[in-house]
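Working notes, beginning with the structure itself.
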Amino acid sequence: MRIDLHKLKALMNNPENIRNAGFAGHVDHGKTTTVDNILAYCGVIAKDLAGQALYMDFLEEEQRRGITIKTAAITLIVPYDGREYVLNLIDTPGHVDFSGKVSRALRLMDGVIIVVDAVEGIMAQTEAYLRLALEEHVRPILFINKLDRLIDELSMTPYQIQARLTEIIVSFNELIETFGCDYQKKSWKVRPEHETVLFGSALKKWGFTTVQMLRTGLKFDKFLEIYKEEPNNLPRLLPLGKLLARIIYEKVPSVITAQKYRIPYLWEGKIPDALTSFNKNDEKPAIFYISKTQWMSGKIFATGRVFAGTVSRGLYYCLNDNTLKRVDSVHLLFGSKSIVVNTVPFGAIFGAFIDAKPGQTFSSKKISGHMKYPPYIAVPVVYVAIEPKKTEDFEKLLEELKKLEIEDPNISVEINKETGEILLGGIGELHLEICIKELSKRLEIYSSEPMIGYRELLFSEASIDSDDVLIEIKSLRGEGVPLREALSKALSSYESGNVIIIEGFSPENSHVLESIIRNVLKSGPLVGEPIIGAMIRIIRKKASNEPIDLNQLLNLLAKALSSVKTVICEPYYEFEVTTVQDYVGAVTTEINRRGGKIKQVDAKSSGLIRIRGILPVRTSLGLPNTIRSITHGRAYIQMVFFDYLEASGKAREMIIKEIMRRKGLE
């Protein structure tokens with residue numbers, strides 16, 4: 001891949017030349033294959049390899065599984081209508097266990113092409129990703145892929161094909177009507193006549209819009225005739241890569257246009273002028289947002305977007321915690337490679353060596369506010385116990401886990417200081433499996449069978465009012481705060497399903513108190529599982545920077561906590577199974593056997609049946625393989641975190657016994 005840096009920098013100096021776009025959609029609907037087509041059009045890969053190279057899947061595990069695991073970015077110079085523009089292209093994971101990466105990646109984009117399989121239609125992750133795009137104010141474009149399947153596999157007539165495509169478009173727009181805000185409902189619904197709907201086959205390298213067909217005089221019947229008689233001519237007549245290049249430039253807003261309407265929704269606090277004023281002569285602080293971090297060459301390498309000014313080496317304030325961090329070098333990104341540059345301008349997506357975390361905002365000057373955290377809820381609910389095969393590797397394992405946490409903020413690492421047991425938590429089986437394989441490349445480890453992360457839900461209240469301090473412990477349910485919201489870290493005071501509010505203490509004392517409270521909440525009174533659903537307020541009646549008597553305060557806190565009551569609760573997934581009519585009975589029987597609750601069964605015009613409901617994570621282990629087995633591969637299941645629900649009856653007894661056995665308390 002030859003990169004003309006001089007030309008690239010010249011184009012990037014004009015923000016109107018920059019488009020930040022990405023691809024998202026349900027797993028196996030063809031996102032990365034679609035990306036190959038535009039990469040081939042731009043000369044990054046050979047045209048013959050488009051649809052097969054899976055260029056953006058550069059991890060060995062991605063190539064083996066055929067799914068995209070990490071969020072990849074590449075900067076391209078794209079030819080269009082006799083001129084060129086810069087495309088910062090983001091490819092995202094389609095598997096549910098990696099949805100947190102999609103949520104953060106969307107912040108980098110101004111437009112997203114959502115890829116939908118023509119046969120399977122709108123699926124669980126299609127809906128989830130469209131909803132995330134609307135929440136991030138990223139304009140959606142619909143690409144209905146695998147049109148050839150309707151012809152070859154389902155042998156549909158032209159009328160049936162058009163009815164099927166119309167159904168997908170209507171369903172897509174219904175989601176925008178349901179989840180969009182006022183301006184999105186009015187302006188962002190996709191329409192074939194506006195060229196915000198594309199049709200094609202990424203694997204076979206062709207695609208079109210209805211407007212394009214009308215311009216060329218190619219009617220649908222004639223298209224079907226060419227497809228059946230001269231299929232090799234379609235990539236020449238209707239090249240998908242060229243179409244994507246044009247649609248992205250024309251339909252994805254420029255960075256200036258997008259920022260004008262996005263920033264009021266994405267910024268928390270008073271909006272700095274630098275984010276809304278685009279006069280080149282203005283002196284602006286550099287402001288950038290971090291989407292992803294990874295461990296590289298012994299340091300943290302971050303991927304982000306410049307929202308104001310120009311980023312270069314130097315010191316920057318983290319606006320989330322007011323710490324000062326150094327950018328050691330800045331890079332332009334080209335998939336698995338990067339090139340060091342002196343500066344990156346407004347609108348650019350870039351890489352940098354900086355001690356940062358995903359979701360943080362940085363500025364070259366101290367300013368108020370920061371970018372809001374993405375709304376996606378990623379809760380680790382499945383755990384494995386791990387240990388090094390060699391005792392002397394214990395410290396190395398801790399070091400590698402620290403790196404893994406930097407790369408993937410959706411995992412959790414818990415270390416029992418008394419026993420030395422290490423628990424690695426993930427949001428699903430596949431997520432954990434990938435983490436274990438990544439760790440195993442770095443050192444030899446043992447890992448246990450998956451375990452479920454149970455919690456103790458607070459349902460009673462307590463308060464202590466002393467001369468100096470007021471301590472209140474309340475249930476979030478009683479305060480009207482949904483548990484899911486507390487788990488989402490929607491506010492800075494939300495952490496691990498609890499709310500901690502400390503008032504009247506110095507910053508140093510507040511930090512000490514908060515750390516102690518978090519440690520105390522890790523072991524509940526019932527069976528020693530972490531407490532969730534608690535709102536704890538500690539208020540110093542007379543604000544002072546004087547040192548506090550920690551022992552006295554902790555005794556008061558312990559007294560308050562000793563009087564509260566908890567109930568055992570377990571995590572649930574929300575599931576969606578798509579299968580054919582012949583296997584509905586077998587699927588529902590298996591779900592019922594595992595204690596699932598089916599809430600909805602509906603049929604699609606494609607003949608597929610969609611089954612939705614909730615299921616305990618405890619009984620979900622191994623379910624995807626079982627579903628594939630009993631349906632002979634004719635079903636797909638998607639599971640996302642739903643909530644923690646109180647366990648009762650036999651389930652409660654079983655869970656408590658399991659916890660006691662695991663802790664050696666039986």
Side-chain angles (χ1 to χ4, degrees), residues 379-381 383 385 412-421 423 425 451-466 469-487 493-502 512-539 550-572 616-618 643-666:
V379 181
V381 290
Y383 293 79
S412 73
V413 177
E414 298 175 14
I415 302 170
N416 187 317
K417 292 181 180 178
E418 294 177 4
T419 65
E421 181 185 52
L423 287 179
M451 300 174 283
I452 308 305
Y454 300 109
R455 297 291 182 265
E456 294 187 29
L457 180 66
L458 186 87
F459 73 90
S460 67
E461 299 184 354
S463 66
I464 291 180
D465 192 351
S466 72
V469 176
L470 171 65
I471 298 175
E472 292 181 332
I473 302 175
K474 295 184 178 181
S475 164
L476 285 180
R477 282 181 174 178
E479 294 296 301
V481 178
L483 188 58
R484 279 174 58 84
E485 191 174 321
L487 289 163
S493 56
Y494 290 7
E495 178 79 24
S496 303
N498 297 299
V499 179
I500 299 172
I501 300 169
I502 299 171
V512 170
L513 268 176
E514 191 173 327
S515 298
I516 291 169
I517 292 169
R518 295 206 189 288
N519 279 327
V520 169
L521 291 174
K522 287 180 181 178
S523 181
L526 191 63
V527 282
E529 290 296 282
I531 295 174
I532 59 171
M535 177 181 280
I536 299 179
R537 296 184 68 192
I538 301 181
I539 303 169
L550 266 182
N551 288 330
Q552 184 182 357
L553 187 55
L554 292 177
N555 287 335
L556 291 173
L557 180 61
K559 186 177 177 182
L561 283 168
S562 66
S563 61
V564 301
K565 291 187 172 70
T566 61
V567 292
I568 197 73
C569 60
E570 63 174 323
Y572 271 71
V617 175
R618 166 176 50 91
D643 208 345
Y644 282 98
L645 300 179
E646 183 180 342
S648 59
K650 289 183 178 178
R652 180 182 182 278
E653 292 176 18
M654 189 185 308
I655 290 168
I656 289 177
K657 281 184 180 178
E658 180 187 330
I659 294 169
M660 302 287 274
R661 184 171 58 251
R662 193 171 76 206
K663 295 184 175 183
L665 300 175
E666 271 192 336

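Treat the numbers as computed from the prediction; the structure is a model and nothing was measured.
- Residues R537 and L470 are not in side-chain contact: their nearest non-hydrogen atoms beyond the backbone lie 4.5 Å or more apart.
- Comment: R662 engages E529 in a salt bridge, judged by a side-chain N to carboxylate O separation of less than 4.0 angstrom.
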Can you list, pair by pair, the side-chain donor-acceptor contacts under 3.5 Å of residues 649-656, counting residues two or more places apart and other chains?
none

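- One distance of note links CD1 of I516 with CG of L553; it measures 8.0 Å at 0.5 Å rounding.
- A 4.5 Å side-chain heavy-atom check between I473 and L561 finds at least one atom pair inside the cut-off.
- The backbone N or O of K565 sits less than 3.5 Å from a side-chain atom of S460, completing a donor-acceptor pair.
- No side-chain heavy atom of Y572 sits under 4.5 Å from any side-chain heavy atom of V617.
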Worksheet item: Between I452 and Y383, is a side-chain contact (heavy atoms from CB on, under 4.5 Å) present by the stated rule, with each step listed?
Response: CA-CA 6 Å; I452 308 305; Y383 293 79; over 6 Å; no
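- Taken to the nearest 0.5 Å, the CG atom of L521 stands 9.0 Å off from the CG atom of N519.
- Among all heavy-atom pairs drawn from A385 and E421, the shortest one is CB-OE2, 3.9 Å.
- The shortest side-chain heavy-atom distance between I532 and C569 falls under the 4.5 Å cut-off.
- Proximity of I500 to R518: side-chain heavy atoms (C-beta onward) are separated by under 4.5 Å at one or more points.
- Residues Y454 and P530 approach most closely at O-CD, 3.9 Å, considering heavy atoms.
- Side-chain contact between I531 and P525: present, with at least one pair of heavy atoms (C-beta onward) separated by less than 4.5 Å.
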Worksheet item: Given the rule in the side-chain contact (heavy atoms from CB on, under 4.5 Å) test, do V413 and L423 qualify, once you have shown the distances and angles that lead to the verdict?
Response: CA-CA 6 Å; V413 177; L423 287 179; over 6 Å; no
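- For the pair A462 and A560, the tightest heavy-atom approach, listed with the atom from each and the gap, is CB-O, 3.5 Å.
- For G528 against S523, the heavy-atom pair with the smallest separation is CA-OG, 3.5 Å.
- Under 4.0 Å is where a charged nitrogen must lie from a carboxylate oxygen, and between R618 and E570 at least one such pair does.
- E514 CD to I536 CD1: the interatomic distance, rounded to the nearest 0.5 Å, is 10.5 Å.
- N498 places a side-chain N or O within donor-acceptor distance of the main-chain N or O of G533, the cut-off being under 3.5 Å.
- Rounding to the nearest 0.5 angstrom, the gap separating the CD1 atom in I538 from the CG atom in L556 is 9.5 Å.
- Evaluation of the side-chain contact (heavy atoms from CB on, under 4.5 Å) rule for K559 yields I464 as partners, not counting sequence neighbours.
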Worksheet item: Hey, mind stepping through L476 and V499 against side-chain contact (heavy atoms from CB on, under 4.5 Å) and telling me if it holds?
Response: CA-CA 8 Å; L476 285 180; V499 179; 3.6 Å; yes
Worksheet entry | Intermediate values then yes/no, side-chain contact (heavy atoms from CB on, under 4.5 Å), E646 and I568 | CA-CA 6 Å; E646 183 180 342; I568 197 73; over 6 Å; no
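- Taken from CD in E472 to CD in E461, the straight-line distance is 8.5 Å, to the nearest 0.5 Å.
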